[in-house]
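Order of appearance sets the numbers: ligands from 1, and atoms from 1 within every ligand.
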Amino acid sequence: MCLHHAADLGEWRDAARSLLLAGMPPEEVEWSRSDADLFGRAPTEVPPPGQNATPPSVPRRFLDLAEAVVCHSDPGRFSLLYRTLWRLQDDPHLIGFLPDPDMQRLHRMEKSVRRDCHKMTAFVRFREIAGRSGDRRRFVAWFEPDHHVVARTAPFFAKRFADMDWMILTPKGSAGLENGQLALSEKPAARPDLSDETEGLWRTYYASIFNPARLKVKAMQAEMPKKYWKNLPEASLIPALVAGAGQRAADMVHRQRELAAPAFHDRLAARRSDTREAAQTEAAGVIATDLDELRRHAAACTRCPLHCNATRTVFGEGPPRADLMVVGEQPGDIEDLTGRPFTGPAGQLLDRTLAELGIERKKLWLTNAVKHFKFVARGKKRLHQSPNRGDIDHCRWWLKREIELVRPKLILALGATAVESLTGKRASVTPLRGQLIDTLFGVRALVTWHPAYLLRLPDPTRAAAAAELFRHDIGKASEMVSTGEMVPPAGIEPATFGLQNRCSTS
Ligand code: URA
């Protein structure tokens, strides 16, 4: 029986069904493959169905196995499948009988094909080539699979790289997407001469995501066997990264220790002197006349329970007379350790956005509605917990005093907690985003997303759209203060705030 395609389940299934209906025992069938012109040949004559032939029955699991096994490069795959199909007609339980040598071989072949597909999806590296068609850039990749998996993996690439034109060339055929149309060929391709300037970019990216503390050389070699290295731009980095991993991991541990949270009793001892000083000044009726003093008082705040678990108060930072004040929610894990606001992942996103807009972070006063990190411990991890109304109310006193001393022209409120702290009212951010709102403090605030929200959005399209609005809002706030659109009310009267001093030092 001559098949024209290397890995076409439909073609093999039609041939096998005809042979089965004709009652042809497996030992009398010789399976072969024609590499000749696919369109010029007539299919092999199939014997007519025998009398009383009943349509073959096939367990679903067999079809799943066959779908993978036809892609295997073993020339005996078609006869093995036919023999199993033949035996299944008399013994349907064979499909679940794993000690059977034919079943074992089929399972091994299926596993090998699946692994090859996985490797192909992981290790294909596209290089850009000249000649866009419209707004679609063009890319080519070379890959050397063990089996005939090009057609099987092509839909994955078509979905993932739908917005570009590409070709994947392999010695076992090619796949290409042009203007959204997927085309396949079984003709072996020749290895093209590929390299482009994005290789440097890819290497930089790989080196930056390489985590020396997670390095397991054996697992890495199993996951990325050496035979794939020659087509991976990043492979040349691996020996040096592996060699330097021990030292880098030790450095990371060292740095982590420096950042680690001190034990509770050490924290209390460190706070005691601050607390005493703060109590004395407060007893004398003085409520911090400058930001440094306020920072020291805040460092000793123990009135609400959040101080018990947090490492330290994370007070605002920036120039004492900043025009724009940015109010976030509360410090996160990293901020709690560094003692500075917006130094973790959300802060990095904020920094990137500011840099894109040409706004200098050091010109802004950055602070939070709540000054202590609220979390629950899960093993070694500290999982962020949103502050509740009580936490926000307790901490508002510090924010109020910060606003009084900095006297910003405008506040940028990041997320719902900031809005609640500034207005005293719980509100959803979506309808307020991009709007100016009145605050309890006589300064107006422009509302936007919290950067952590952007980092959590699972859908990349939605995340990109939200990031664009976030950028737009920050740009707008910055423009408003520089054009003087936001004039602060003359003299902020603390009495007009009408807030209770519920968070104080003791
Ligand atoms: N999120 C915030 O709201 N503030 C920070 O300082 C860090 C993360």
Please determine whether a side-chain nitrogen of the Lys or Arg among [X] and [Y] lies less than 4.0 Å from a carboxylate oxygen of the Asp or Glu.
X    : Y    : answer
E317 : R361 : yes
K409 : D323 : yes
D165 : R137 : no

Any atoms of ligand 1 less than 4.0 Å from a non-hydrogen atom of [X]? List them with their elements.
X    : answer
E329 : 2 (C), 3 (O)
P341 : 6 (O)
G328 : 3 (O)

Distance in Å, D393 CG paired with E420 CD, rounded so as to fall on 0.5 Å steps: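 D393 atom CG to E420 atom CD measures 7.0 Å (nearest 0.5 Å).
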*asked:* Please check this pair: side chain of T353 against backbone of L349, looking for a donor-acceptor N/O pair closer than 3.5 Å.
replied: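 A pair under 3.5 Å: yes.
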Self-check item: Enclosure of R433 CZ (heavy-atom neighbours >12, cutoff 6.0 Å)
Solution: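 Check passes, neighbour count above 12.
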### Query
What is the closest protein heavy atom to atom 4 (N) of ligand 1, and at what distance does it sit?
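Atom 4 (N) of ligand 1 sits closest to the protein heavy atom N368 OD1, 2.7 Å.
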task = Can you pull out the closest protein heavy atom to atom 2 (C) of ligand 1? Residue, atom name and distance to 0.1 Å, please.
result =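 For this ligand atom, the closest protein heavy atom is Q330 O, 3.0 Å.
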Margin query: If we set the cut-off at 4.0 Å for heavy atoms, which region of H450 has an atom near ligand 1: side chain, backbone, both, or neither?
Written below: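 Answer for H450: side chain.
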request  = Report the part of E335 (side chain from C-beta onward, or backbone N, CA, C, O) that has a heavy atom under 4.0 Å from ligand 1; answer both or neither where that applies.
outcome  =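 Side chain only.
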### Query
Considering distance alone, does some N or O of F342 sit under 3.5 Å from an N or O of ligand 1?
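By distance alone, the answer is yes.
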